[in-house]
Amino acid sequence: MALIVHKYGGTSMGSTERIRNVARRVAKWVRAGHQLVVVPSAMSGETNRLLALAKEVSPEKMTSEAMRELDMIAATGEQVSVGLLALALQAEGVRSVSYAGWQVPIETDSAYTKARIERIDDARVRADLAAGKVVIITGFQGIDGEGHVTTLGRGGSDTSAVAVAAAMKAAECLIYTDVDGVYTTDPRIVPEARRLTTITFEEMLEMASLGSKVLQIRSVEFAGKFKVPTRVLSSLTDPLLPVAEEAQAGTLITFEEDPHMAMEKAVISGVAFNRDEAKITVHDVPDRPGIAYAILGPVADANIEVDVIVQNVGHDGMTDLSFTLGRNDLAAALKILRDQVQPHIKCREVTGDDRIAKVSAVGVGMRSHAGIAAKMFRTLAEEGINIQMISTSEIKISVVIDEKYMELAVRARTRRSSSSSRKPPEAGPHLDARRRIRALALET
Ligand code: ASP
Ligand code: MG
């Protein structure tokens with residue numbers, strides 16, 4: 001008997017019929033002798049609907065008091081889900097009880113709309129499990145030190161589930177979703193896409209930070225910090241699939257590199273792409289100490305995260321500095337730079353470009369292979385794609401290119417590397433367009 005955490009996403013919980021299927025699946029695991037804690041998301045579309053209501057009432061920029069209310073509103077979506085799932089399980093003949101975050105409690109800080117989990121008290125949950133019940137806990141929400149309801153940021157149910165699994169030292173955290181694992185590529189762009197049976201924690205972290213929407217990045221951080229065995233798998237398979245089979249499905253996030261596996265492993269296990277970024281260039285700034293700080297300091301003070309930063313070699317005492325940031329922050333950042341920074345540093349011009357895309361190759365295998373970057377650049381050169389920015393880490397290379405070449409870049413790379421032994425994609429029409437997997441195929 002093992003303690004297992006299941007997480008079900010919005011699509012998996014999308015209708016009462018689907019919730020009944022979730023109940024059948026959970027009941028099957030219980031009958032196989034396991035203790036189950038289940039963390040569901042709100043029904044698909046529900047969080048958007050709730051936040052749109054809030055926006056109708058309060059279209060202006062949100063104060064911190066208003067943000068508190070946003071969390072109060074958004075947290076209700078998950079509360080409906082847990083209650084419905086508990087009822088569905090009871091109808092299946094399985095004893096179950098549902099809890100909101102504050103009832104557990106899942107304690108967080110007070111950063112409304114993006115709170116961080118600080119502590120989970122598992123006493124109540126353990127008592128219920130010992131009494132033979134399935135415990136169902138709302139994803140996405142918690143409670144702060146003053147008793148205010150908080151939420152963990154969009155996609156936060158993944159993090160709730162992994163955090164609960166960490167706190168309870170669960171044997172495994174199964175993240176059920178509308179795709180059947182982590183793919184090397186978006187199968188709709190690249191037909192050679194295939195599912196990875198394992199991915200290392202570091203690769204998954206890079207993928208999540210690079211724009212793959214499979215898991216919320218904080219959940220991957222939690223999984224890494226507490227070594228929670230985490231598996232991404234489909235909730236759209238037959239709910240009565242034998243447990244032994246289901247336990248091997250999807251993609252498992254691993255923590256140690258098995259030397260045998262590492263030898264066979266592709267140098268690059270995937271490519272992520274991100275169209276949610278924009279680029280700002282500050283032209284002709286004086287090339288002297290303190291300039292990067294003068295430019296990026298006020299941007300950081302406005303809570304705007306920047307990503308790739310490039311400063312050119314100086315010429316005639318001048319240089320250009322470019323950086324990428326979230327597309328939603330472009331207008332605000334341009335305003336800060338033009339109004340507050342430009343008059344000080346006396347640069348010639350500040351320009352913004354929101355038609356860029358970032359394409360990144362990820363793989364722990366890169367560590368031990370030279371020349372990966374060169375191969376990537378050659379491929380882009382052969383397609384006549386201009387690279388605007390480059391950034392690298394030990395296991396990742398990212399390039400910023402014109403958005404219109406993004407799919408071409410990805411396809412080109414995959415064409416070059418596709419081998420005959422590759423299996424055809426298993427992904428079918430069940431791939432939900434809204435949650436497309438953005439991990440792209442690229443093997444070297
Ligand atoms: N319901 C929340 C959202 O839509 C949390 C989640 O689904 O993970 O962002
Ligand atoms: Mg999600």
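Counting convention: from 1, in listed order, for ligands and their atoms alike. Model, not experiment: these values are computed from the prediction.
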Residues [X], [Y]: salt bridge by 4.0 Å N-O rule:
X      : Y      : answer
Glu403 : Arg327 : yes
Glu17  : Arg20  : yes
Asp307 : Lys358 : yes

Checklist line | Within the 4.0 Å heavy-atom sphere of ligand 1, strictly under, residues | finding: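 Residues near ligand 1: Ser41, Ala42, Thr47, Glu78, Phe140, Arg154, Gly155, Gly156, Ser157.
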
Note to self: Looking at every heavy atom in both Asp238 and Glu246, which two are closest together, and how far apart are they?
What the structure shows: O-OE1, 4.4 Å

Notebook entry, point to check: For Arg116, does the CZ atom have more than 12 heavy-atom neighbours from other residues, nucleotides or ligands under 6.0 Å away?
Noted result: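 Incorrect, the count does not exceed 12.
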
Check: With a cut-off of 6.0 Å (strictly less than), are more than 12 heavy atoms of other residues, nucleotides or ligands near CE of Met389?
Finding: yes

